[in-house]
Amino acid sequence: HLVSDGEATSDMCKEVALELLKKSNKNPEEIDLILVATSTPDVPVVSTAALVQDKIGAKNAWGYDIVAACTGFVYALETGAKLVESGKYKNVIVIGADTMSSIIDYNDRATCVLFGDGAGAILLEPSSHENGIIDSVLFTDGTGGDRLYMPGGGSLFPSSKKTIDSKFHYLKQDGREVYKSAVRGMTEAALEILKRNSLSSNDIKLFIPHQANKRIIEACSQRLNLNSEQVYINIDRFANTTGGTIPICIS
């Protein structure tokens, strides 16, 4: 699943945001905040959130991008939830979206067969019911920064003929190391959230993992003692859309 020529991340964000407004019977003017989790913004300067705000007519909203690759949507969800819980904001749109085809070298089989383009979104609002986001556990491990990254286009390697010739503007991945880190990290985070809330694997109705790799998901599920009916997988249909995987699964 790839965008058409001329389409970018904000275009996918616009579509999911408009669908949210329709489903929730809200006007664009009611939205207070737009958070976009993406590693593939339309342009380096001018946030994708600002472009989405304009495209959907949410003139009363402010917003910004959260650049955290695969964990971006979860970080944005945490941020949006806490801002709603503060009592200052009532309607927050959180979008996870990536146009991975824009940074993939289709001659590099280590990456090109894994990724797709996609976006998903949720609307956060206050509730008096005993539901919603109960708890969260978030981690960052910056030591693995050289295992999955795009070296070109930033302040370290600004765009130049040399960076283009060196293919610095394509995603680079050490698949073996990413696999080991992902299985360990996802398992540890899930076990921590279960322990903190006195839950066991039998209590879980649905486990929605980031859709990075089916083998990673299966290895993590096995360590958590979850059966296939408890685990949601759609990577076989949509590939790894990075920031988009979890909200697409939720939808």
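We number each residue from 1, following the sequence as shown.
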*Could you go step by step and tell me if I233 and I235 meet the side-chain contact (heavy atoms from CB on, under 4.5 Å) rule?*
CA-CA 6 Å; I233 296 177; I235 189 172; 3.9 Å; yes

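- Put simply, the side chain of S10 reaches to within 4.5 Å of the side chain of K55, judged on heavy atoms.
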*Could you please spell out the steps behind the side-chain hydrogen bond (donor to acceptor under 3.5 Å, both in side chains) verdict for T40 and T9?*
CA-CA 7 Å; T40 55; T9 299; 3.3 Å; yes

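- Within the 4.5 Å cutoff, side-chain heavy atoms of D165 are placed close to those of K161.
- A heavy-atom distance below 4.5 Å is not found between the side chains of E125 and K90.
- Ion pairing between K22 and E19 fails under the 4.0 Å rule for side-chain N and carboxylate O.
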Give every donor-acceptor pair under 3.5 Å between a side-chain atom in residues 112-120 and any protein atom, sequence neighbours left out.
unit_1, atom_1, unit_2, atom_2, d
D117, OD1, M100, N, 2.8
D117, OD1, S101, N, 2.8
D117, OD1, S101, OG, 3.3
D117, OD2, V3, N, 2.9
D117, OD2, S101, OG, 2.7

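- Within the 4.5 Å cutoff, no side-chain heavy atoms of K23 are placed close to those of L20.
- Here the straight-line distance linking atom NZ of K14 with atom CD1 of I95 works out to 12.5 Å at 0.5 Å rounding.
- The two residues S47 and Y64 have their closest heavy-atom pair at OG-CA, 4.4 Å.
- Between the OG atom of S228 and the CD1 atom of I217 there is a distance of 12.5 Å, given to the nearest 0.5 Å.
- Side chain of T71 to backbone of A68: a donor-acceptor contact under 3.5 angstrom is found.
- A donor-acceptor pair under 3.5 Å is formed between the side chain of S86 and the backbone N or O of L83.
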*Would T111 and Q173 satisfy side-chain hydrogen bond (donor to acceptor under 3.5 Å, both in side chains), going step by step from the backbone distance to the final call?*
CA-CA 7 Å; T111 57; Q173 176 175 246; over 6 Å; no

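- Residue R109 qualifies as open at atom CZ: its count of foreign heavy atoms under 6.0 Å is 12 or below.
- The two residues G63 and L33 have their closest heavy-atom pair at CA-CD1, 3.8 Å.
- Taking the side chain as every heavy atom from C-beta outward, F73 and V94 approach each other to under 4.5 Å.
- When each of T245, T38, T242, N240 is checked for a side chain to side chain donor-acceptor pair (under 3.5 Å) with D98, only T38 meets the rule.
- At distances below 3.5 Å, at least one donor-acceptor pair connects side-chain atoms of T163 with backbone N or O atoms of S160.
- Residues V84 and D32 fail the side-chain proximity criterion, which asks for heavy atoms closer than 4.5 Å.
- No continuous path of ILVMFWY side-chain contacts below 4.5 Å connects L194 to I133, so the two sit in separate hydrophobic clusters.
- Judged as a side chain to side chain donor-acceptor pair (under 3.5 Å), and not counting sequence neighbours, N225 has no contacts.
- Cluster annotation: Y232 is not connected to F238 through the hydrophobic network of ILVMFWY side chains, with a link wherever side-chain heavy atoms come within less than 4.5 Å.
- Between F207 and S201 there is no side-chain heavy-atom pair separated by less than 4.5 Å.
- When D65, L171, V67, T99 are each tested for a side-chain contact (heavy atoms from CB on, under 4.5 Å) with S39, only one passes: V67.
- Contact between A49 and I34 at its shortest, heavy atoms only, is CB-O, 3.7 Å.
- Using a 4.5 Å cut-off between side-chain heavy atoms of Ile, Leu, Val, Met, Phe, Trp and Tyr, with links allowed through other members, M12 and V16 fall into different hydrophobic clusters.
- In this structure, Q230 and N202 approach most closely via the heavy-atom pair NE2-CA, 4.5 Å.
- Taken to the nearest 0.5 Å, the CG atom of N197 stands 9.5 Å off from the CD atom of E192.
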*Do L123 and K26 pass the side-chain contact (heavy atoms from CB on, under 4.5 Å) test, and can you show the C-alpha distance, the side-chain angles, and the key distance before you say yes or no?*
CA-CA 10 Å; L123 175 69; K26 293 188 185 296; 3.5 Å; yes

*Checking side-chain contact (heavy atoms from CB on, under 4.5 Å) for the pair N27/L21: CA distance, chi angles, key distance, verdict?*
CA-CA 6 Å; N27 295 317; L21 292 172; over 6 Å; no

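- When the side chains of ILVMFWY residues are joined at heavy-atom separations under 4.5 Å, either directly or via intervening members, M150 and Y170 end up in two distinct hydrophobic clusters.
- Smallest separation of non-hydrogen atoms from H169 and S159: CE1-OG, 3.2 Å.
- From I31, atom CD1 reaches atom CD1 of I56 across 6.5 Å, with rounding to the nearest 0.5 Å.
- M186 and L148 fall into different hydrophobic clusters, where Ile, Leu, Val, Met, Phe, Trp and Tyr side chains are chained together by heavy-atom contacts under 4.5 Å.
- Of the charged side-chain nitrogens involved, at least one lies within less than 4.0 Å of a carboxylate oxygen, so that K82 and E85 count as a salt-bridged pair.
- Counted within 6.0 Å of CD on Q222, heavy atoms from surrounding residues, nucleotides or ligands total 12 or fewer; the atom is thus considered open.
- Judged purely by atom type and a 3.5 angstrom limit, N213 uses its side chain to pair as donor or acceptor with the backbone of I216.
- Using the six-membered ring where Trp is involved, F157 and F168 have ring planes that are perpendicular, over 60° apart on the 30 and 60° scheme.
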*Give the C-alpha distance, both sets of side-chain angles, the deciding distance and a yes or no for salt bridge (Lys or Arg N to Asp or Glu O under 4.0 Å) between E177 and K180.*
CA-CA 5 Å; E177 289 302 317; K180 290 190 292 185; 3.1 Å; yes

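- The OG1 atom of T143 lies 3.0 Å from the CG atom of D141; values are rounded to the nearest 0.5 Å.
- A salt bridge does not link D108 to K167: none of the charged side-chain nitrogens sits closer than 4.0 Å to a carboxylate oxygen.
- To the nearest 0.5 Å, atom SG of residue C13 and atom CG of residue L51 are 9.0 Å apart.
- For the pair C249 and I246, the minimum side-chain heavy-atom distance is 4.5 Å or more.
- Here the shortest heavy-atom pairing between S198 and D203 reads O-OD2, 4.5 Å.
- When each of L77, L206, I208 is tested with I250 by the rule side-chain contact (heavy atoms from CB on, under 4.5 Å), just one qualifies, namely I208.
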*Evaluate side-chain contact (heavy atoms from CB on, under 4.5 Å) for D135 paired with I193, printing each intermediate quantity in order.*
CA-CA 7 Å; D135 197 5; I193 204 79; 3.8 Å; yes

